[in-house]
4 protein chains.
Amino acid sequence: MKSGRHFLQIPGPTNVPDRILRAIAQPTIDHRGPAFAELGRETLAGLQRVFQTTGAVVMYPCSGTGAWEAAFVNTLSPGDTVLMVETGQFATLWRDLAVRLGLHVDFIPSDWRHGVDAAAIAAKLSADKARVIKAVAVVHNETSTGVTSNIPAVRRAMDESGHPALLFVDAVSSLGAIDYRHEEWRVDVTISSSQKGMMLPPGMGFNAIGANALAASASARLPRAYWDWQPMLRDNPAGFFPTTPAINLLFGLREAVRMLEEEGLANVFARHKRFAEATRRAVAGWGLELWAACPNEYSSALTAVVMPEGHDADALRKVILERFDMSLGAGLGRLKGRVFRIGHLGDFNDLMLAGTLAGVEMGLAAAEVPFIRGGVTAALDYLALPAGSVRL
Amino acid sequence: MKSGRHFLQIPGPTNVPDRILRAIAQPTIDHRGPAFAELGRETLAGLQRVFQTTGAVVMYPCSGTGAWEAAFVNTLSPGDTVLMVETGQFATLWRDLAVRLGLHVDFIPSDWRHGVDAAAIAAKLSADKARVIKAVAVVHNETSTGVTSNIPAVRRAMDESGHPALLFVDAVSSLGAIDYRHEEWRVDVTISSSQKGMMLPPGMGFNAIGANALAASASARLPRAYWDWQPMLRDNPAGFFPTTPAINLLFGLREAVRMLEEEGLANVFARHKRFAEATRRAVAGWGLELWAACPNEYSSALTAVVMPEGHDADALRKVILERFDMSLGAGLGRLKGRVFRIGHLGDFNDLMLAGTLAGVEMGLAAAEVPFIRGGVTAALDYLALPAGSVRL
Amino acid sequence: MKSGRHFLQIPGPTNVPDRILRAIAQPTIDHRGPAFAELGRETLAGLQRVFQTTGAVVMYPCSGTGAWEAAFVNTLSPGDTVLMVETGQFATLWRDLAVRLGLHVDFIPSDWRHGVDAAAIAAKLSADKARVIKAVAVVHNETSTGVTSNIPAVRRAMDESGHPALLFVDAVSSLGAIDYRHEEWRVDVTISSSQKGMMLPPGMGFNAIGANALAASASARLPRAYWDWQPMLRDNPAGFFPTTPAINLLFGLREAVRMLEEEGLANVFARHKRFAEATRRAVAGWGLELWAACPNEYSSALTAVVMPEGHDADALRKVILERFDMSLGAGLGRLKGRVFRIGHLGDFNDLMLAGTLAGVEMGLAAAEVPFIRGGVTAALDYLALPAGSVRL
Amino acid sequence: MKSGRHFLQIPGPTNVPDRILRAIAQPTIDHRGPAFAELGRETLAGLQRVFQTTGAVVMYPCSGTGAWEAAFVNTLSPGDTVLMVETGQFATLWRDLAVRLGLHVDFIPSDWRHGVDAAAIAAKLSADKARVIKAVAVVHNETSTGVTSNIPAVRRAMDESGHPALLFVDAVSSLGAIDYRHEEWRVDVTISSSQKGMMLPPGMGFNAIGANALAASASARLPRAYWDWQPMLRDNPAGFFPTTPAINLLFGLREAVRMLEEEGLANVFARHKRFAEATRRAVAGWGLELWAACPNEYSSALTAVVMPEGHDADALRKVILERFDMSLGAGLGRLKGRVFRIGHLGDFNDLMLAGTLAGVEMGLAAAEVPFIRGGVTAALDYLALPAGSVRL
């Protein structure tokens, strides 16, 4: 029996605010009636503002994986080539999904410690005289590594190559946490889901759709039914959905958008930046190493920390869960046991972060991992700075 | 501003009990941690009992439509032929989905007032000497018509024809409301979802999978990734899922299974039968016509009522919604405006039914539809009978 | 195991709307902090509007009984005489409370089927040349009988007698259900509580305080501490309370006032009138007798029904609870077993009322009480009338 | 707009666990029906176990102040003398209440930094040859100072003096947090309430009643009605209450007792001890002074910290609330501005405490209060110790 609140510091699902939990506990309503129509329209419009787009956004009852699938099956045909970059475990899983769907993937390898190399994209596209590549698909914020990629740079590289490939971006763990601009950055399809910066329980996936992607969907031949955008785009303007939507999650989504907008998206992003900087100062204070290699690619949503040689991250996580009732993210795939990940996104504040970092610090001690004790203090020194003096 | 509780008497989503609403409002937990493992195992085992199977049941964050798609893409290959029966709008939509996925559908026409004709199935299968037909796919309880089909009879017809086609059954609106026996009836894949007899908000779809379907999945060539059973079947025994599950709906599912089992599945089915009989007596009392043609095919989950000539069901529904704050089901597809549907499934009792029927009766008067006033009285006469004397 | 929602048709506590249940489930806050100050001020101002007064309203964590006590101990001295009228069980309990507090009660007897006889009050006051009577205390809506009293008539009688006694009114089961005007009717102290027309769980009692009562409190000598108005009146303007308030019920109260005002108080009262009339038509339809003797004293909040000779109301209530999962009010005190009470106040609508009356009708049959079957039909005929044609 | 959870670190109301918030959000039920009877019996029996008594425990809808009043009016008569000790603000308020009720109070003065001096009690009682003193009333855990009193020592002093006075103990902020044994310590009336260690919202007060107190109630002549134990003791064994109970708080109380017993009362008390020790180490680490003078009187429920000369505690609290969204307890009465109080009781864990102390440390910096930065580190060093090595 644990006392007090669990610290859910995995990089998603995140701590769902009680305001949203209460919202999703409202009685389910008729998804074909006028009250729902209002809910549908309001949440779709809200999602547009969060994606920073005036174009269409569709949502499905699904996980982020489903939203990845939706992006592909609506725009591509069997055997099409997709250029992807191995930024981490989620990029790898997305690649696997593409292959299973019958796509050919040109997968640019990486050491998982860096974001997408826009120059490598440019080189591939320039070399593709036959225009075999139909799409470039990259992850904005690699949840497995805490490394972000520069999407505008990728867009520029694509533009400069004059290649017509579509640009798909996974913003699953950045939406609502890290500034993401679907329209300004001219992304063709952005994929995201409910359970990270959107502060909702898992169960909904999103596609923000640009005009070129929509055009591509007219000729795309991958079989699609559940994921088909067309019935969605037909019914959504009236606030309805072709199949039964996840009504209670929509109640939560309405509340989530309100919360993000009450705080102001710019403030939300600044807050996440601040938490990330404080966390990195703690890591430095402990004498531990960040997994992310480049400061300009540090994630505001999570921080992956390298375990000292000879120590197992999962053993540490187990101690922290049992002794301090906190869940941290595991190292995934090739990082299993080598890193642990601290989620600091979503509905979160300074003192929750302080508790989180204290849990890591005490856990390191309890698990007998070699470290220096100054991490929490370093973080607090940073968090205690006057708001105006925040240095990033 | 409405006072009191809305009457959500569409045939799904149904009235979610407050006990389940509170369950889904629990704080989201780590879907890779030990507390979740227990939740995953408990809900999967519970679903097996509700499907009346000892075989695998998988669940997805999706609507019922997604669960239809999952059944097909895991077992069939492009161009495969499926034998389906046009029992109503949902059978038709399922057919459309099959076609979109690249399957060929042999669609046995019907007047929508009858269930599946097992003899017609038998004839088709016997005639199929080349074994072109790979699957028979039928709807157990047609939500659009209130007509059920005799699944054991279909199974017998298939057995007697000696044809190896798989049997797929849509139990979306029967699971948890009408006796359904996946294993005893030797169904190969049963499709269902959360928001009907399972009393949950929408957002989860289920497949119960038989051994032959599992075998078929080894050679099935429709592209699949999100819907692939294999990663599910690999991870589920430990209580986990390959992608992020709809955690909060699983909290609700645990509670739903508990509620069904506290009442006892047999009692749940008997209760639904009783509500349906009372509703039909009301319809008869009003001098109106049931849409369902045959008493042995009447649905326990919903009742579709034919509007008198010259009267529009949607106009009636609008009056009832505005005056009496009750949602009824619309006529779908070719039944638009011609029938209205009364949902009497899920978390429901005698007095909620009485209120529902009173709302219809008063609505008929308010909408100036010709009818006889005795419907509610006839229903009450039936409901007031001693429990032991229930005649069905 | 019961399915569906319980019908809580006692005359309080009433069916708490889920919107209020969610409000009271908000995390408790610091009762000395700025967020609470806003809550305190908003709820106190809201209560004033509901009591229809610009004067002070105080609230306590307590039941209605506590609010009775508060009214007396703040205004009277040991041995003071209070003129009360035996309108029913609650008037009698209030009398008992007065006696226990050391007051002398002149208790005008009654048959419990009539409201307060203003002429009798006038006679008593006129005869009281010595001005021994310090207060007149009457119940606006007798929850035990479904009989209301004409408070303006009582006020007029008091005015005409020229007697300076204070007027105390119990509006426990009328506030938020039946038009009640503390200020216009010049009541000195009105007593009410949370769990009836205010739609909250029990746990809060209210006093609306007039200027004369406040003046009386300066010289009143009954010992008081918890109930003392003075510290309340000192702290309330800033939104605070001298002792820890029932914070979560205040969250609910804020929501309750919003709901009442969204509907509009006049509409709320009209709605209750309509439910009461429909209920009385059902009673007449069953061939049963109303306990209340005079139409102009019928309660809009509840209806007490006389059992046919030789039949026990509690046996009927037991059958209805067990068979139909509905709670009805028992006959209290001298009415035990002789009447049952149907609560039709609070968060309630036509179809809930229809379900309620159906439960009574089926219960009468199940309990083998002699009755005519037409009650529900009579009520529905009335409820189905166009809103504009409501006849009261 | 604040993000994340508020830190409610006043010494009550405490952070209500979401499990209890969901419990109190259950639909209100009939307080005269069988479901309530079970709830009433279960919660009363649970309270007995928490008070560690086999005797009667009664509960009222009221604040702790109401429960104080209940203890007095049931056992004493006008003009009776009560011996009280000025341990802090709550002892002083309790004294004031006694005086307002017409009791005479012999108030032993104190510096607020010490608990009750049992020898002083003994001296008073021995000197009271005329047996004028009817009761000794002391506070177990002074919420205003973080100083506890040794109740067994007081009991021994009373026993040794051979004086028949009753012993009243305020356990408002110790019940459920600090080991308290009503029966073993032979306390006559223990007063407590819902919103501290019991983890509920405010709104319920308790009296645990010993045999001598019950005997005294037979002759006590203070007027009483709402607070009268007798109707409670008459109705409670069947699970009922003489007036409408705070039904939804009882749902919460049932859950609270379950939580305390799942953890085990001994573990609950040990957990609180550990939090208090960690907090004191933080205070020492900051170079600040504890208000409590004697280690054997340190409270496990809260810690009052002395502000450095020339610095205002309320200014610090304001900074902490605004910058770090944490509520701390103010200095009360003569301590206003001089101390701040850290609540560390109720539903609380190591990381919440770490966040709390971090908030204080950052707040001290932000408010420019002179302090040493090592407080949080000192606390974490202690909390990180293996459970087995806890030193108190």
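Here is the naming used below: chain letters follow the sequence lines, and residue numbers restart at 1 for every chain.
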Chemist: Give me the contact list for residues 247-258 of chain C versus chain B, heavy atoms only, anything under 4.5 Å, ordered by residue number.
Modeler: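 Listed by number: none.
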
Chemist: Quick check: closest heavy atoms across B:L351 and C:M362, and the distance to 0.1 Å?
Modeler: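 That closest heavy-atom pairing would be CD2-CE, 3.7 Å.
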
Chemist: Tell me, out of C:L383, C:D325, C:N15, who's got the most heavy-atom pairs with chain B below 4.5 Å.
Modeler: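 Sorted descending by pairs with chain B, the first entry is C:L383.
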
Chemist: Of the backbone (N, CA, C, O) and the side chain (C-beta and beyond), which part of B:F7 lies under 4.5 Å from a heavy atom of chain C, both, or neither?
Modeler: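 For B:F7, side-chain heavy atoms alone lie under 4.5 Å from chain C.
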
Chemist: Just distance, no hydrogens or angles: give the donor-acceptor pairs under 3.5 Å from side chains in residues 369-378 of chain C, sequence neighbours left out.
Modeler:
| unit_1 | atom_1 | unit_2 | atom_2 | d |
| --- | --- | --- | --- | --- |
| C:R373 | NH1 | B:D381 | OD1 | 2.9 |
| C:R373 | NH1 | B:D381 | OD2 | 2.5 |
| C:T377 | OG1 | B:T377 | OG1 | 3.1 |

Chemist: Heavy-atom pairs under 4.5 Å with chain B are the metric here; pick the option from C:A358, C:A354, C:A379 that has the most.
Modeler: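 Heavy-atom pair counts peak at C:A358.
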
Chemist: What part of B:R5 is in contact with chain C, defined as an atom under 4.5 angstrom from a non-hydrogen atom: side chain, backbone, both or neither?
Modeler: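 Interface part for B:R5: both.
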
Chemist: Take atom CD in B:E261; do more than 12 heavy atoms of anything else shown fall under 6.0 Å from it?
Modeler: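 Correct, the count exceeds 12.
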
Chemist: Rounded to the nearest 0.5 Å, what separates atom CG in C:D350 from atom CE in B:M326?
Modeler: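 Taking CG in C:D350 and CE in B:M326, the distance rounds to 11.0 Å.
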
Chemist: Could you tell me the separation between the CE atom of C:M352 and the NE2 atom of B:H6, rounded to the nearest 0.5 Å?
Modeler: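 Answer for the CE-NE2 pair, C:M352 versus B:H6, is 13.0 Å.
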
Chemist: Using modelled atom types only, decide if a donor and an acceptor are shared between the side chain of C:S3 and the backbone of B:F348 within a distance under 3.5 Å.
Modeler: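 Answer holds: yes.
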
